Trainee: 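Sharing a structure below in structure tokens format, with a few things to ask.
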Amino acid sequence: MSFPLLTATAALPAIGAIATAAVPAARRTAAKWLALAFSLGTLVLAGIALVRFEPGGSRYQLTESHAWIKDFGVRYELGVDGIGLALMALTALLIPFVILAGWHDADPLETNSSRWRPTQGFFALILMVEAMVVLSFVATDVFLFYILFEAMLIPMYFLIGGFGDRAHAGSDENAAAQRSYAAVKFLLYNLVGGLIMLAAVIGLYVVAGTFSLSEIAEARANGSLSMATSTERWLFLGFFFAFAVKAPLWPLHTWLPNAMGEATTPVAVLITAVVDKVGTFAMLRFCLQLFPEASKWATPVVLVLALISIVYGALLAVGQRDIKRLIAYASISHFGFIILGIFAMTSQGQSGATLYMVNHGISTAALMLVAGFLITRRGSRLIADYGGVQKVAPVLAGTFLIGGLATLSLPGLAPFVSEFLVLVGAFAAYPAVGIIATTGIVLAAIYVLVLYQRTMTGPVKAEVQGMADLKVRELVVVVPLIALLIFLGVYPKPLTEIVNPAVQHTMSDVQKKDPQPEVEAAK
């Protein structure tokens with residue numbers, strides 16, 4: 001039997017979570033280093049999976065299949081395609097930076113030594129989320145995916161509600177209430193989506209007699225599986241609703257600004273750069289693959305919702321006074337672009353959407369983490385409390401600017417390639433949709449540049465006069481992300497070679513071909 005690489009990649013952070021939680025209470029520093037070591041080990045395994053993956057090979061590779069719940073036909077089945085592999089690698093890459101960025105976020109509060117923020121629990125929960133997210137990207141059994149889809153809500157709930165923003169730390173009861181509200185709202189929204197999905201999962205089993213993606217695909221190919229049109233559409237809606245909540249797609253997005261605003265900065269990165277990607281990934285893997293006809297039927301409505309997300313999220317970002325909530329609304333706009341690319345049903349759009357998931361994860365992590373370093377120094381999330389930071393902390397201001405420029409998809413940085421492909425793919429199939437979506441680019445330039453101008457330029461405010469520049473640990477977090485944004489912006493081929501074959505399989509599932517450009521015959 002070959003080495004179960006995918007299982008090992010997901011199991012290592014889970015083992016790390018248990019080991020970190022077991023570290024004695026007084027050994028906080030040891031717990032941090034242990035969590036970091038396990039996250040780096042996971043990154044190494046993900047790198048091995050990248051090397052072993054053959055872009056031109058079979059659709060699902062590094063496969064594993066074992067009986068799990070025989071009476072219900074549930075199997076422990078894993079396999080990775082180019083899309084899942086890219087997102088698994090993104091997750092493994094970001095978690096070490098999340099841990100380093102949150103190095104002191106769960107330390108005991110200095111102002112009140114009687115209050116304890118369990119350091120071991122904080123890092124153990126982060127590793128547990130990583131384990132579940134990695135496994136969800138490689139699960140090819142629908143029931144197994146559902147279990148992971150729901151289970152990851154538990155550690156995220158405690159990360160949001162139990163570890164609040166340092167800018168609002170202390171004995172502030174109102175801040176604690178806001179954290180609790182954000183955590184409960186996150187949990188309820190996603191639980192409702194998950195319960196609706198559970199009904200659809202059961203319905204799929206009744207119709208198909210199996211939870212295995214490979215068996216369902218084989219049954220479709222040989223004609224032994226056929227769904228009534230109404231049945232397929234209802235099942236699609238059940239799956240899509242849950243994924244739209246996680247994504248988050250308008251109007252199911254309202255939990256995200258609360259969760260990102262009240263969580264610590266590393267947890268906010270974990271939410272939008274890692275966990276939310278499960279929703280958009282699942283649209284590609286499950287909605288389009290399991291319900292191709294229903295996906296085409298729902299496309300007009302989904303495209304309208306995606307456009308609303310793009311414009312609405314960007315407009316609200318323009319009007320924000322809170323730095324973290326601004327980035328949260330910007331992410332809603334970006335997720336609209338991702339969903340637009342998926343349901344444009346063109347190879348350019350879906351390739352762009354997959355690249356967007358990866359590049360958005362890197363760019364948002366870079367911007368949000370630098371913003372977190374800024375907020376920690378000043379103790380405030382309000383934009384109005386800053387001014388002239390670039391004169392006292394030029395490295396911090398410079399990295400903040402690069403993260404912001406990546407967010408607005410400046411040419412030469414990785415998100416530009418993604419957004420360009422999404423818009424090309426959308427315009428090729430739906431010209432009007434592509435034109436409207438471009439307004440999101442203009443609005444992004446406004447909210448990013450205004451944010452930079454108000455916080456980093458102008459007279460130096462007295463409160464930021466003595467602000468320290470980025471330290472070594474913070475540079476170790478930010479510099480690699482910025483380097484990756486530049487590298488993938490100039491040379492995206494390593495990603496596209498992995499992703500494009502998987503996109504072609506998805507296009508084949510929905511029986512769609514790219515529209516051919518109309519060329520007038522030469523006279």
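In what follows, residues are counted from 1 in the order of the sequence shown. Keep in mind it's a predicted model, so treat the numbers as computed, not measured. Computed over heavy atoms, backbone and side chain alike; hydrogens, waters and symmetry mates excluded.
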Trainee: Can you find a side-chain donor-acceptor pair between T7 and E64 that sits under 3.5 Å?
Mentor: yes
Trainee: Mind checking what makes salt bridge (charged side-chain N to carboxylate O under 4.0 Å, His left out) contact with E463, not counting sequence neighbours?
Mentor: none
Trainee: Could you state the interatomic distance from CG (L50) to CG (L45), rounded to the nearest 0.5 Å?
Mentor: 11.5 Å
Trainee: Could you tell me whether the side chains of S331 and T272 share a donor-acceptor contact shorter than 3.5 Å?
Mentor: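 The answer is yes; a qualifying pair exists.
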Trainee: With a 4.5 Å limit on heavy-atom distance, are the side chains of I441 and L423 in contact?
Mentor: yes
Trainee: With distance as the sole test, does R285 use its side chain to make a donor-acceptor pair with the main-chain N or O of A139 at under 3.5 Å?
Mentor: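 Side chain of R285 to backbone of A139, a donor-acceptor pair under 3.5 Å: yes, one is there.
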Trainee: Does F400 have any ring pair (Phe, Tyr, Trp, His ring centres under 6.0 Å) partners at least two apart in sequence or in another chain, and if so, which?
Mentor: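 Partners of F400 by the ring pair (Phe, Tyr, Trp, His ring centres under 6.0 Å) criterion come out as none, since no residue qualifies.
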Trainee: Indicate the atoms forming the closest heavy-atom contact of D469 with V395, along with that distance.
Mentor: OD2-N, 3.1 Å
Trainee: Can you find a heavy atom in the side chain of W255 that is under 4.5 Å from one in the side chain of I271?
Mentor: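 Sidechains of I271 and W255: in contact.
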Trainee: Working to the nearest 0.5 angstrom, can you tell me the gap between Y452 OH and I402 CD1?
Mentor: 9.5 Å
Trainee: Quick check on ring pair (Phe, Tyr, Trp, His ring centres under 6.0 Å): which of F186, F335, Y312 does H253 satisfy it with?
Mentor: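 Going through F186, F335, Y312 one by one, the ring pair (Phe, Tyr, Trp, His ring centres under 6.0 Å) with H253 is satisfied by Y312 alone.
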Trainee: Is there a donor-acceptor pair under 3.5 Å between the side chain of S333 and the backbone N or O of Y329?
Mentor: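 A pair under 3.5 Å: no.
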Trainee: Nearest 0.5 angstrom please: I95 CD1 to L90 CG, how far?
Mentor: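 I95 CD1 to L90 CG: 9.0 Å, rounded to 0.5 Å.
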Trainee: Heavy atoms only: give me the nearest G194-A242 pair and the separation to one decimal.
Mentor: N-CB, 4.3 Å
Trainee: Is a donor from one side chain sitting under 3.5 angstrom from an acceptor on the other, for T407 and Y447?
Mentor: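 No.
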Trainee: What is the minimum heavy-atom distance between G440 and I310, and which atoms define it?
Mentor: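 Closest approach of G440 to I310, heavy atoms only: CA-CG2, 3.8 Å.
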Trainee: Nearest 0.5 Å, please: how far is CH2 in W33 from CG in L40?
Mentor: 9.5 Å
Trainee: Which heavy atom in M128 sits nearest to a heavy atom in A14, and how many Å separate them?
Mentor: CE-O, 4.2 Å
Trainee: With side chains defined as the heavy atoms from C-beta onward, is the minimum distance between R473 and H104 less than 4.5 Å?
Mentor: yes
Trainee: For K277, what residues pass the salt bridge (charged side-chain N to carboxylate O under 4.0 Å, His left out) criterion, not counting sequence neighbours?
Mentor: none
Trainee: For the side chain of Q61 and the backbone of E54, is there at least one donor-acceptor N/O pair under 3.5 Å apart?
Mentor: yes
Trainee: Can you label the angle between the F281 ring and the F137 ring as parallel, tilted or perpendicular, going by 30° and 60°?
Mentor: perpendicular
Trainee: According to the salt bridge (charged side-chain N to carboxylate O under 4.0 Å, His left out) rule, which pairs have a member within residues 438-462, sequence neighbours left out?
Mentor: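 Qualifying pairs, neighbours excluded: none.
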Trainee: So, taking the atom named CG in N359 and the one named NE2 in H334, what distance separates them when rounded to the nearest 0.5 Å?
Mentor: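 Reported value, rounded in 0.5 Å steps: 11.5 Å.
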Trainee: Mind checking side-chain contact (heavy atoms from CB on, under 4.5 Å) for A86 and listing every partner two or more places apart, or none if nothing turns up?
Mentor: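 Expected list: V358, L495, V499.
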Trainee: Report yes if some heavy atom in the side chain of F373 is under 4.5 Å from a heavy atom in the side chain of V477; otherwise report no.
Mentor: yes
Trainee: Going by salt bridge (charged side-chain N to carboxylate O under 4.0 Å, His left out), E262 matches just one of K324, R179, K185, R381. Which one?
Mentor: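 Output: one option passes, namely R381.
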Trainee: Output yes when a side-chain donor or acceptor of Q320 lies under 3.5 Å from a complementary backbone atom of L316, and no otherwise.
Mentor: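 Looks like yes, one N/O pair under 3.5 Å.
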Trainee: If you round to the nearest 0.5 Å, how far is CD of Q390 from CD of Q453?
Mentor: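 Going from the CD atom of Q453 to the CD atom of Q390 covers 10.5 Å.
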Trainee: Applying salt bridge (charged side-chain N to carboxylate O under 4.0 Å, His left out), name anything that partners E474, two or more places apart in sequence or on another chain.
Mentor: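 Partners of E474 under the salt bridge (charged side-chain N to carboxylate O under 4.0 Å, His left out) test: R377.
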